[in-house]
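One-based numbering along the sequence shown. All of these numbers come straight from a predicted model, not from anything done at the bench. For ligands, and for the atoms within them, numbers begin at 1 and follow the listed sequence.
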Amino acid sequence: MKIESITLHHLSMPLVTPFETSFGRETDRECILITIHSEGLVGYGECVASRDPGYNYETTGTAMHILKDFIAPLILGKDVKDASDFQGQVSGIRGHNLAKAGVEMALWDLLGKREGKSLRELLGGVREKVEVGVSIGIQESAHSLVRSAAGYVKQGYARVKIKIKPGRDIEDASAVRREFPNLRLQVDANSAYTLNDANTLSPLDKLNLLLIEQPLFEDDIWDHHKLQEQFKTPICLDESIVSPRHARYAIEMNACRTINIKAGRLGGLSQGVMVHDLCKEVLMPVWCGGMLETGVGRASNLALASLPNFILPADISASDRYYTQDITNERFVLNSDSTIDVPVGTGLGVTINEDALREFALAEVKV
Ligand code: OSB
Ligand code: MG
């Protein structure tokens with residue numbers, strides 16, 4: 001596919017409700033919509049970098065820079081055959097996985113549109129709907145957290161994840177567990193603890209949690225191994241796994257029992273599929289994470305999560321959990337069995353609402 005033009009829309013979209021994690025609080029979510037024109041077709045990709053370098057080192061600012069000044073010049077006017085061809089073309093750029101993944105997503109959208117196939121078909125997905133949960137940010141108090149969880153449970157979410165941080169962990173998780181003794185419940189620390197906190201965290205091991213996500217440093221797979229030895233609850237890695245190689249390290253070190261797969265963090269859907277396959281080989285179940293995506297990234301996540309080894313419920317909630325107005329014309333809704341349908345149209349299977357795109361754009365750069 002000859003890459004004819006690339007347009008970057010730096011977006012800021014108001015969230016329905018603020019999202020607070022151990023690294024910060026967002027009331028509006030920033031991201032970058034990447035539009036690629038090729039041979040009469042238009043492909044869309046979402047770069048899931050945020051405004052601040054809290055989740056990882058990338059930001060919408062660094063991603064705009066890397067996309068405009070390094071990735072675009074490597075592929076503009078060139079022929080890009082597929083995702084693995086693209087990965088080869090950008091292999092000289094160290095890191096910046098969120099930026100690379102956004103472009104790879106747009107290429108998959110183009111490939112699907114050219115071949116008349118959905119992304120799910122292209123990736124080898126086997127499900128028509130994906131079991132999902134909801135990720136709840138840190139609330140004012142344990143009481144308001146329980147109230148928030150109750151609202152989502154009432155809407156039909158059969159799995160709840162709560163964000164934790166030092167001082168807002170055991171009490172919060174226990175309060176939700178007390179109110180919902182049978183709810184599938186898990187926690188996510190976003191790297192807020194060290195191995196010295198193992199004793200503080202140990203009461204979590206008695207709450208019958210599905211998993212404890214990324215408790216320790218993002219670059220520390222070894223200490224997660226040590227922590228997993230002390231916990232019967234599965235440790236799940238998110239931030240630590242930035243490539244299929246890291247997934248192999250974690251598996252070989254017994255650092256976790258499951259991995260949260262995010263195409264963005266791994267540098268592309270192709271890399272997400274590789275981690276999925278690696279884990280499948282060793283019978284390690286995986287699940288699909290989320291980054292508060294717009295309808296574009298949500299469509300991509302649903303296609304990825306339709307692969308067979310995505311066993312645990314995904315962090316892919318309905319559109320109305322995030323945005324009153326999305327940039328896609330399509331909205332994703334929760335089915336009564338706590339699932340969301342995987343798009344069936346060609347490519348990502350979504351279309352862009354140009355008015356919404358203009359409304360939320362902080363900047364538009366054509367390269
Ligand atoms: O750690 O999984 C995370 C959102 C932004 C950054 C990091 C994370 C998250 C979520 C949101 O948990 C999941 C979702 O998109 O619903
Ligand atoms: Mg996480």
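Remark: ligand 1 atoms within the under-4.0 Å shell around heavy atoms of E213 are 2 (O).
Between F19 and ligand 1, no N or O atom pair is found at a separation short of 3.5 Å. An N or O contact shorter than 3.5 Å is missing between E26 and ligand 1 by distance. Considering both main-chain and side-chain atoms, D188 comes within under 3.5 Å of ligand 1 through a nitrogen or oxygen pair. Considering both main-chain and side-chain atoms, E239 never comes within under 3.5 Å of ligand 1 through any nitrogen or oxygen pair. Of the N or O atoms in Y55, none lie within a sub-3.5 Å distance of an N or O in ligand 1. Residue R321 has no nitrogen or oxygen atom sitting less than 3.5 Å from a nitrogen or oxygen atom of ligand 1, judged on distance alone.
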Pairs under 3.5 angstrom only: tabulate donor-acceptor contacts from the side chains of residues 118-131 to other protein residues two or more places apart or in another chain.
residue, atom, partner, partner atom, Å
S118, OG, E121, N, 3.1
S118, OG, E121, OE1, 3.3
R120, NH1, R127, O, 2.8
E121, OE1, S118, N, 3.0
R127, NH1, A305, O, 3.0
R127, NH1, L307, O, 3.0
R127, NH1, F310, O, 3.2
R127, NH2, P308, O, 2.9
R127, NH2, F310, O, 3.0
K129, NZ, D337, OD2, 2.4
E131, OE2, R184, NH1, 3.4
E131, OE2, R184, NH2, 2.4

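For F217, the CZ atom counts as loosely surrounded, since its 6.0 Å shell holds 12 or fewer non-hydrogen atoms of other residues, nucleotides or ligands. Within a 6.0 Å sphere centred on CD of E354, other residues, nucleotides and ligands contribute more than 12 heavy atoms. Counted within 6.0 Å of CD on E171, heavy atoms from surrounding residues, nucleotides or ligands total 12 or fewer; the atom is thus considered open.
Between the side chains of E104 and Q87, at least one donor-acceptor pair of N or O atoms lies under 3.5 Å. For T60 and E30, the side-chain atoms include at least one donor-acceptor pair closer than 3.5 Å.
In this structure R358 satisfies the side chain to side chain donor-acceptor pair (under 3.5 Å) test together with D355, sequence neighbours excluded.
Between H65 and F70, the ring center distance clears the sub-6.0 Å criterion.
With hydrogens and angles ignored, the 3.5 Å screen pairs a side-chain donor or acceptor of E39 with a backbone N or O of K2.
Within the 4.0 Å heavy-atom criterion, neither part of T21 lies near ligand 1. Under 4.0 Å from ligand 1, not a single heavy atom of Q214 appears. Here V134 has no heavy atoms under 4.0 Å from ligand 1, in either its backbone or its side chain.
Residue, atom and distance of the protein heavy atom nearest to atom 15 (O) of ligand 1 are L292 N, 2.8 Å. Summary of contacts: the protein heavy atom closest to atom 6 (C) of ligand 1 is M291 SD, 3.5 Å. Shortest contact from atom 13 (C) of ligand 1 to any protein heavy atom: G290 O, 3.5 Å. If you check which protein heavy atom lies closest to atom 16 (O) of ligand 1, you get Y322 OH, 2.6 Å. At the top of the distance list for atom 1 (O) of ligand 1, counting protein heavy atoms only, stands N190 ND2, 2.8 Å.
Put simply, CG on L76 and OG on S5 are 7.5 Å apart, with the number rounded to the nearest 0.5 Å. In this structure, the separation between CZ on F19 and OG on S135 is 3.5 Å, given to the nearest 0.5 Å. Atom CD of E26 sits about 7.5 Å away from atom CZ of R51, to the nearest 0.5 Å.
Residue pairs that meet the side-chain hydrogen bond (donor to acceptor under 3.5 Å, both in side chains) test with at least one member in residues 300-314, sequence neighbours left out, are E293-N301.
Counting only protein N, O or S atoms closer than 2.8 Å to the Mg ion (ligand 2) gives 3.
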